[in-house]
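One structure is given here, and the rest of the page talks about it.
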Amino acid sequence: MSKDWNKRTALVHGGTRRSQYNEVSEAIFLTQGFVYDSAEQAQARFIEAGPDDFIYARYGNPTVAMFEERIAALEGAEDAFATASGMAAVNAALTSCLKAGDHVVAARALFGSCLYILEEILPRFGVAVDFVDGTDLDQWRAAVRPETRAVFFESTANPTLEVIDIAAVAEIAHAHDALVIVDNVFATPVFSRAIEQGADVVVYSATKHIDGQGRALGGVVLSTREFIRKTLEPYMKHTGGAMSPFTAWIMLKGLETIDLRVRAQAASALALAEALQGHEKLARVIYPGHPSHPQYDLVRAQTGQGGTVVSFDLNGGQEAAFRTLNALQIAVISNNLGDAKSIATHPATTTHQRLSEDQRAGLGITPGLIRFSVGLEDTDDLIADVLQALGAA
Ligand SMILES: *Cc1c(COP(=O)(O)O)cnc(C)c1O
């Protein structure tokens with residue numbers, strides 16, 4: 001791959017490995033193992049395998065390697081490791097580098113399964129975890145201490161779309177030599193500049209925008225070659241969260257169109273946020289890319305655009321939110337995001353149901369809140385759909 005390529009070119013050609021047939025579309029190497037030319041070659045490969053020396057699909061596979069190289073080019077990361085799901089990526093990013101006695105500081109507003117790892121699993125193995133309001137830099141400053149090994153946050157929090165200042169948190173964390181691990185799903189890999197802003201490890205659920213068509217679960221961890229090969233790879237190789245070659249092929253093809261898709265979705269999201277401003281049924285419209293967002297200036301500096309999700313809060317609470325969801329004719333009620341199909345979610349009764357009422361209130365997950373993942377439908381049709389559904393509320 002050429003170093004001079006811009007990202008859109010790398011998304012189409014990056015990482016390509018052709019077989020002896022010189023296929024145009026990338027091959028799916030649906031194989032668990034690889035044949036060695038000799039016993040000596042097998043021995044040598046187990047001692048040291050280069051990037052194209054494959055041993056076993058739990059360690060690596062040519063289709064998976066193509067995906068890893070292509071997403072690394074998009075993110076501007078030295079290296080990447082693909083995983084079976086977004087949660088396998090979050091778990092590996094944290095667990096591969098932590099040990100008993102370490103301390104982690106995390107933002108409180110997290111995807112439910114991320115919260116489970118930090119709140120329930122890590123403490124069982126002697127890792128202490130403190131939670132802060134991720135938007136309050138003084139809380140990060142107060143929480144980080146000499147034994148802090150890592151900080152973890154979603155750069156844009158689900159579903160309330162608060163934005164955390166990656167560069168500012170990284171400066172605080174790096175003063176204590178703590179790793180900055182960012183779950184960057186809502187920012188999307190298209191708008192991310194997380195590594196140049198100070199993130200040491202960036203994690204995506206590929207299930208979201210990378211697939212972008214709701215077909216497969218996957219995840220990826222991006223970082224320095226040192227972190228990926230020395231810390232993450234040994235953990236992944238031996239614990240078994242590898243991405244399947246078939247999934248890698250889906251994600252690889254997803255990357256070819258991700259830039260076009262995500263930019264179109266973000267443009268529609270901004271238009272929807274604009275159309276909902278001041279609507280009589282709504283207490284709040286939240287979109288990071290709209291000037292009404294309290295952190296609009298940070299968003300402009302950090303990602304430039306607001307992503308593909310708009311959240312809005314109905315005055316009439318859960319009843320009004322349910323009436324709105326049930327009246328939608330284009331958008332579907334489900335819980336994925338980043339899909340070609342617009343998807344509406346009621347976080348309080350689904351994705352964030354496990355939280356106590358107090359926790360939900362603290363995070364701004366009100367009974368009237370709807371998370372709306374903007375798809376690839378016609379923008380005017382989508383706006384009309386949401387407006388007519390709000391009419392039913
Ligand atoms: C979906 C999601 C995950 C988990 O990804 P899966 O692919 O479902 O395992 C983690 N973090 C965020 C922010 C997500 O949106």
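Note that ligands are numbered from 1 as they come in the structure, with each ligand's atoms numbered from 1 the same way.
Atom 10 (C) of ligand 1 has its nearest heavy-atom neighbour, among D183, V185, V203, in D183.
The closest side-chain heavy-atom distance from M243 to M251 is below 4.5 Å.
Remark: minimum distance from atom 8 (O) of ligand 1 to any protein heavy atom is reached at L217 CD2, 4.0 Å. The protein heavy-atom contact nearest to atom 3 (C) of ligand 1 is F111 CE2, 3.5 Å. The protein heavy-atom contact nearest to atom 7 (O) of ligand 1 is T207 OG1, 2.6 Å. Scanning the protein heavy atoms around atom 2 (C) of ligand 1, the nearest turns out to be K208 NZ, 2.4 Å. Atom 9 (O) of ligand 1 has its closest protein heavy atom at M87 N, 2.9 Å.
Short contacts between ligand 1 and E154, defined as distances under 4.0 Å to a heavy atom of the residue, involve ligand atoms 13 (C). Annotation for ligand 1: atoms under 4.0 Å from non-hydrogen atoms of S85 are 7 (O), 9 (O). Near G218, with a cut-off below 4.0 Å to any heavy atom, the atoms of ligand 1 are 7 (O).
Taking the six-membered ring where the residue is Trp, H346 and F322 present perpendicular rings, their angle passing 60° and hence far from 30°. Aromatic ring orientation, W5 versus H13: tilted (interplanar angle from 30° to 60°).
At least one N or O atom of G86 sits closer than 3.5 Å to an N or O atom of ligand 1.
Cation-pi check for K230 over Y235 is not met; the charged atom does not lie both under 6.0 angstrom from the ring centroid and within 45 degrees of its normal.
Proximity of A206 to ligand 1 is not established, as no heavy-atom distance is less than 4.0 Å.
A distance-only check finds no donor-acceptor pair linking the side chain of R17 to the backbone of P62 [under 3.5 Å]. Within the 3.5 Å criterion, the main-chain N or O of V163 finds a donor-acceptor partner in the side chain of Q295.
A side chain to side chain contact (heavy atoms under 4.5 Å, CB included) with H209 is found for exactly one of V190, L337, L255, D339, namely L337.
If you chain together hydrophobic residues whose side chains sit under 4.5 Å apart, I117 and V182 never meet in one group.
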